[in-house]
Number of protein chains: 2
Amino acid sequence: MFRRKIDISNPGKTAQKILIAARKTFARHGYSGTSVDEIARRAGVNKATLYYQIGDKDTLYANVIHQVLGNIAQSVAQAVATGKTPEEKLRAYILFVADAVDKNPELPPIMMREVASGGAHLPRVAAEDMASVLTVLLGILEEGKEKGVFNDVVPFLVHAMIIGSILIFKLGAPIKDSQIWLPEDLKARDKKLPGTLGEEVADMVLKAVKKYDR
Amino acid sequence: MFRRKIDISNPGKTAQKILIAARKTFARHGYSGTSVDEIARRAGVNKATLYYQIGDKDTLYANVIHQVLGNIAQSVAQAVATGKTPEEKLRAYILFVADAVDKNPELPPIMMREVASGGAHLPRVAAEDMASVLTVLLGILEEGKEKGVFNDVVPFLVHAMIIGSILIFKLGAPIKDSQIWLPEDLKARDKKLPGTLGEEVADMVLKAVKKYDR
DNA sequence: GCAAAATATTTAACTATATGGTTAAACCGA
DNA sequence: TCGGTTTAACCATATAGTTAAATATTTTGC
């Protein structure tokens, strides 16, 4: 009677195809805007195969989001460890997040919609991934404060500033640029960032967080 | 043959009920997640009335988003004018945005989902609203640079930082707090902001943007 | 090594419900 | 009674999810 589902943590070829198609489709159209039929079509498999391999829409979505967030959560601590001082660690953290977003272009839209809906479809395991990333940031900010190099900032606000800057810039810039009727001075200004997005955000956040004698 | 639709810019009682119900529903469930039937039910009118009064789902959505963004776009310039120096103007701008978000709680989720989907359902008129808000910010940053009080920042990145911080903090904090299993130190830290969200963001952004002799 | 049985995987066809949108009739105030 | 407004009933399509049969693949008996 117990029809055990396939082990998702080590997906086979078919399951992998499905997850990739699902990731792209969820990223483009969101949870509600995505139909299971469309995912199956893009994966090139029958819908029943999709249900056999992975499960219903919720399970599919949960696996997609965890697959992408889980990797990030696992490697953030290591990336931060390359820095010695709190400043270096915070910079490494921001560069890591920006790089993760670069390498996982489906993450920003999925995360933003998840935030927008109050985590309506956010599976527990994904929330745990987020929490472990946040914990790393919390550690950096606390160390910086103890050593007297950071202001007494609100950690979650710093988090919001980092993630918010990166996500809004990444996703908002293409929208702005697609509005061909916009006054030129609004568009031309930002064509090229002086550095990478991560570096720019790191510079600004560090200025906001570091303690200076003025 | 031309069945002229009702004038939306000055909605009557029934139309107003529908628009309010639509705003709440779109904010909660997003464009795709919202059914016209649900809006009609929440507005307490027949679905055909909704189509008669306003039009199809797209038109309904466009009116909702413009109704809320239009007000903001119209009053931002005036709010900023209360400041004399670029610093004061930038602070006034950020406080205004934070206040607008406070007063229009449906705006953040709608905007975030719009950004996430690349402006998929964003009507031209709403994009114009956004542009006029952005133009005000651009003016402040340029004046600050000319007067030598601001660094040579990337305007759209400053925009992303302001909007991103406010939206992510506003929407992200409740999610974080709802994860009852989270380690206490992650949650307890941020319970109370020292000031309002707008003030906190303004402090941090100004530190990031202002030019100091160091 | 190999046919046959057992198991794992995929598929077309199906169901029940939800959805966006329409229609023609009923309602209602001037 | 006339024009604007609202309504119940309706339609075509889309959707999440299921089923039983077909097709691969693996295991077993010899």
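Note on naming: letters A, B, ... go to the chains in the order of the sequence lines (proteins, then strands), and numbering restarts at 1 for each one. In this text, all values refer to a predicted model and were calculated from it rather than measured experimentally.
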Novice: Would a 4.5 Å heavy-atom cut-off, applied to side chains only, mark A:Phe169 and A:Leu193 as touching?
Specialist: yes
Novice: Return the value, rounded to whole Å, for the distance between atom CG of A:Leu60 and atom P of D:dT15.
Specialist: 15 Å
Novice: With sequence neighbours excluded, what pairs up with B:Arg91 under the salt bridge (charged side-chain N to carboxylate O under 4.0 Å, His left out) test?
Specialist: B:Asp203
Novice: Grab the OH-P distance between A:Tyr51 and D:dG17 for me, whole Å please.
Specialist: 4 Å
Novice: How long is the line joining NZ of A:Lys57 and P of D:dA14, in whole Å?
Specialist: 15 Å
Novice: Would you sort out whether A:Met161 and B:Glu200 count as a side-chain contact (heavy atoms from CB on, under 4.5 Å), showing the intermediate values?
Specialist: CA-CA 11 Å; A:Met161 184 167 264; B:Glu200 293 300 310; over 6 Å; no
Novice: Determine which pairs satisfy salt bridge (Lys or Arg N to Asp or Glu O under 4.0 Å) with at least one residue from residues 19-35 of chain A, sequence neighbours left out, and list them in order.
Specialist: A:Arg23-A:Glu106
Novice: Under the salt bridge (Lys or Arg N to Asp or Glu O under 4.0 Å) definition, can you give me all pairs with a residue in residues 119-133 of chain A, not counting sequence neighbours?
Specialist: A:Arg124-A:Glu128
Novice: Pairs under 3.5 angstrom only: tabulate donor-acceptor contacts from the side chains of residues 92-103 of chain B to other protein residues two or more places apart or in another chain.
Specialist:
{"from": "B:Asp99", "atom 1": "OD2", "to": "B:Lys103", "atom 2": "NZ", "distance (Å)": "2.7"}
{"from": "B:Asp102", "atom 1": "OD1", "to": "B:Lys170", "atom 2": "NZ", "distance (Å)": "2.6"}

Novice: OP1 or OP2 of D:dT6 less than 4.0 angstrom from a side-chain nitrogen or oxygen of B:Thr14, does that happen here?
Specialist: yes
Novice: Do the side-chain N or O atoms of A:Gln53 get closer than 4.0 angstrom to the phosphate oxygens (OP1, OP2) of C:dT10?
Specialist: yes
Novice: Would you call the rings of A:Tyr31 and A:His121 parallel, tilted or perpendicular if under 30° counts as parallel and over 60° as perpendicular?
Specialist: parallel
Novice: Applying side-chain contact (heavy atoms from CB on, under 4.5 Å), run through B:Thr59 and B:Asp56 and close with a yes or a no.
Specialist: CA-CA 5 Å; B:Thr59 308; B:Asp56 65 11; 2.8 Å; yes
Novice: Could you check how far CD1 of B:Ile39 sits from C1' of C:dG21, rounded to whole Å?
Specialist: 14 Å
Novice: Under 4.0 Å from any atom of DNA chain D, heavy atoms only: list the residues of residues 26-35 of chain A that qualify, in numerical order.
Specialist: A:Thr34, A:Ser35
Novice: Using the rule given for side-chain contact (heavy atoms from CB on, under 4.5 Å), can you reason through A:Tyr51 versus A:Lys47, listing the C-alpha separation, both sets of side-chain angles and the distance that settles it, and then say yes or no?
Specialist: CA-CA 7 Å; A:Tyr51 276 86; A:Lys47 182 165 59 162; 3.8 Å; yes
Novice: Using atom CZ of B:Arg41 as one end and atom P of C:dG20 as the other, report the distance to the nearest whole Å.
Specialist: 11 Å
Novice: Taking only nitrogen or oxygen atoms into account, show me every contact under 3.5 Å that the protein makes with nucleotides 11-17 of chain C, one pair per line with its distance.
Specialist:
{"from": "C:dT11", "atom 1": "OP2", "to": "A:Asn46", "atom 2": "N", "distance (Å)": "3.1"}
{"from": "C:dT11", "atom 1": "OP2", "to": "A:Thr49", "atom 2": "OG1", "distance (Å)": "3.3"}
{"from": "C:dA12", "atom 1": "OP2", "to": "A:Asn46", "atom 2": "ND2", "distance (Å)": "3.1"}
{"from": "C:dA12", "atom 1": "N7", "to": "A:Asn46", "atom 2": "ND2", "distance (Å)": "3.0"}

Novice: Over how many whole Å does the gap from A:Asp58 atom CG to D:dG17 atom C1' extend?
Specialist: 12 Å
